[in-house]
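All values below come from the heavy atoms of this structure, side chains included, with hydrogens, waters and symmetry mates left out.
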Amino acid sequence: MTTITSIISTVTAAFLGSFVEVVEAFTIVLAVGVTQSWRPAFIGMGLALFVLAVLVLVFGPLLGLIPIDIMQFVIGTLLILFGLRWLRKAILRASGFIDLHDEERAFAEETDSLRRQADIRRANFLAGIAAFKAVLLEGVEVVFIVIATGARPGMLGYASLGALAACLLVLLTGLLVHKPLSTVPENTLKLVVGVMLSAFGIFWVGEGIGTVWPGADLSLLPIFGVLALFSLAAVKMLRRYYNAHMEPAQ
């Protein structure tokens with residue numbers, strides 16, 4: 001059953017998850033355009049989007065052949081693994097064990113690498129490949145997020161709208177400022193997305209094995225709340241441990 005809760009949660013999860021991935025891809029494309037030229041940047045990005053479109057057109061219809069309970073169980077399991085991976089890294093970054101992801105630094109590193117290749121005869125080709133790989137790899141994750149968050153019948157369109165909104169927002173903002181979106185609190189977003197994807201995963205696995213959730217889609221909220229509280233507690237505990245044992249040794 002389609003409810004306002006399921007629509008809002010689906011659009012939000014797809015938007016936030018896609019936003020993070022698109023920011024990372026855009027950083028590379030922007031570095032290619034600024035350092036080399038916009039032609040290989042747009043060609044690489046266009047080819048990657050074409051490959052992604054083909055993958056969606058080929059494999060999308062196959063999803064309809066899979067029984068919904070099996071699909072929800074499989075996608076739910078993958079979502080839990082995918083979400084927990086994001087959550088683990090976000091918690092470790094927030095507590096100090098891993099350096100925070102810095103789009104400004106990533107942009108500078110990619111720009112420096114491209115400048116070193118500027119004198120190579122195939123510089124435009126290599127720059128285009130860099131843009132192609134970035135968009136394709138991050139795009140595959142966006143497609144997975146859309147399919148996973150829109151696993152329930154009737155939700156795929158809403159998940160797609162969330163992802164499309166994220167793509168347009170990043171592209172329009174990036175093209176206007178011509179800078180990497182380094183002011184975006186990416187680690188916070190990743191922590192939130194990790195919690196949301198894990199919550200969706202638990203919900204889908206439950207539905208896949210026949211669990212009747214109290215309140216139907218509303219049960220996503222307490223699942224999300226429990227995971228969020230656990231994550232914040234883990235960050236606090238690990239940060240305390242890091243401050244007590246790691247910093248004096250530096």
Subject >> Test log, rule side chain to side chain contact (heavy atoms under 4.5 Å, CB included), inputs Glu207 and Phe73 >> reply: CA-CA 7 Å; Glu207 289 216 329; Phe73 180 81; over 6 Å; no
Subject >> Working for side chain to side chain contact (heavy atoms under 4.5 Å, CB included), residues Phe26 and Val135 >> reply: CA-CA 8 Å; Phe26 179 79; Val135 175; over 6 Å; no
Original post:
Hey, mind stepping through Leu78 and Phe144 against side chain to side chain contact (heavy atoms under 4.5 Å, CB included) and telling me if it holds?
Top reply: CA-CA 10 Å; Leu78 293 174; Phe144 171 74; 3.8 Å; yes
**OP:** In sequence, state the C-alpha distance, the side-chain angles, and the governing distance for Val195 and Ser231, and then conclude on side chain to side chain contact (heavy atoms under 4.5 Å, CB included).
**Re:** CA-CA 8 Å; Val195 169; Ser231 301; 3.7 Å; yes
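Looking at heavy atoms from C-beta onward, Arg88 lies in side-chain contact with Leu92 at the 4.5 angstrom threshold. Proximity of Ile202 to Leu227: side-chain heavy atoms (C-beta onward) are separated by under 4.5 Å at one or more points. In this structure, the side chains of Val140 and Val143 stay at 4.5 Å or more apart for every pair of heavy atoms.
Note that CG of Leu164 is 11.0 Å distant from CG of Leu169, once rounded to the nearest 0.5 Å. The distance from atom NZ of Lys89 to atom CG of Leu191, rounded to the nearest 0.5 Å, is 14.0 Å. Rounded to the nearest 0.5 Å, atoms CG (Leu52) and CD (Glu138) are 11.0 Å apart. Distance CD1/Ile147 to CG/Leu79: 11.0 Å, rounded to 0.5 Å. For the atom pair OG (Ser95) and CZ (Arg240), the distance works out to 12.5 Å, reported to the nearest 0.5 Å. Here Leu137 contributes atom CG and Phe132 contributes atom CZ; the two are 8.5 Å apart, rounded to the nearest 0.5 Å.
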Donor-acceptor contacts under 3.5 Å from residues 8-22 side chains, at least two apart:
from: Ser9; atom 1: OG; to: Thr5; atom 2: O; distance (Å): 2.9
from: Ser9; atom 1: OG; to: Ser6; atom 2: O; distance (Å): 3.0
from: Thr10; atom 1: OG1; to: Ser6; atom 2: O; distance (Å): 2.7
from: Thr12; atom 1: OG1; to: Ile8; atom 2: O; distance (Å): 2.7
from: Ser18; atom 1: OG; to: Ala14; atom 2: O; distance (Å): 2.7

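Taking Ile, Leu, Val, Met, Phe, Trp and Tyr as hydrophobic and joining them when side-chain heavy atoms fall under 4.5 Å apart, one finds Leu218 in a cluster with Leu221.
Note on Phe50 and Val29: same hydrophobic cluster, where clusters join Ile, Leu, Val, Met, Phe, Trp and Tyr whose side-chain heavy atoms are under 4.5 Å apart, directly or indirectly. Hydrophobic clustering (side-chain heavy atoms under 4.5 Å, transitive across Ile, Leu, Val, Met, Phe, Trp, Tyr) keeps Val212 apart from Phe200. Taken together through direct or relayed side-chain contacts under 4.5 Å among Ile, Leu, Val, Met, Phe, Trp and Tyr, Leu49 and Ile43 form part of one hydrophobic cluster. Linking ILVMFWY side-chain heavy atoms closer than 4.5 Å, directly or via other members, places Val235 and Met237 in two distinct hydrophobic clusters. Met45 and Leu168 end up in different hydrophobic clusters when Ile, Leu, Val, Met, Phe, Trp and Tyr side chains are linked at under 4.5 Å.
Side-chain N or O atoms of Thr211 include one that pairs as donor or acceptor with a backbone N or O of Gly206 at under 3.5 Å. Of the possible polar contacts, none joining the Arg239 side chain to the Gly96 backbone as a donor-acceptor pair under 3.5 Å is found.
You'll find the ring centres of Phe203 and Trp213 inside the 6.0 Å limit.
Taking both residues in full, the closest heavy atoms of Pro214 and Ser219 are given as O-CB, 3.4 Å, listed atom of the first, atom of the second, then distance. In terms of heavy-atom proximity, Pro40 sits nearest to Ala131 at O-CB, 4.4 Å. Nearest approach of Ile28 to Ala130, heavy atoms of both residues: CG2-O, 3.7 Å. Of all heavy-atom pairs spanning Ala199 and Leu220, the tightest one is O-CD2, 3.9 Å.
The environment of Arg85 atom CZ is dense: over 12 non-hydrogen atoms of other residues, nucleotides or ligands sit within 6.0 angstrom.
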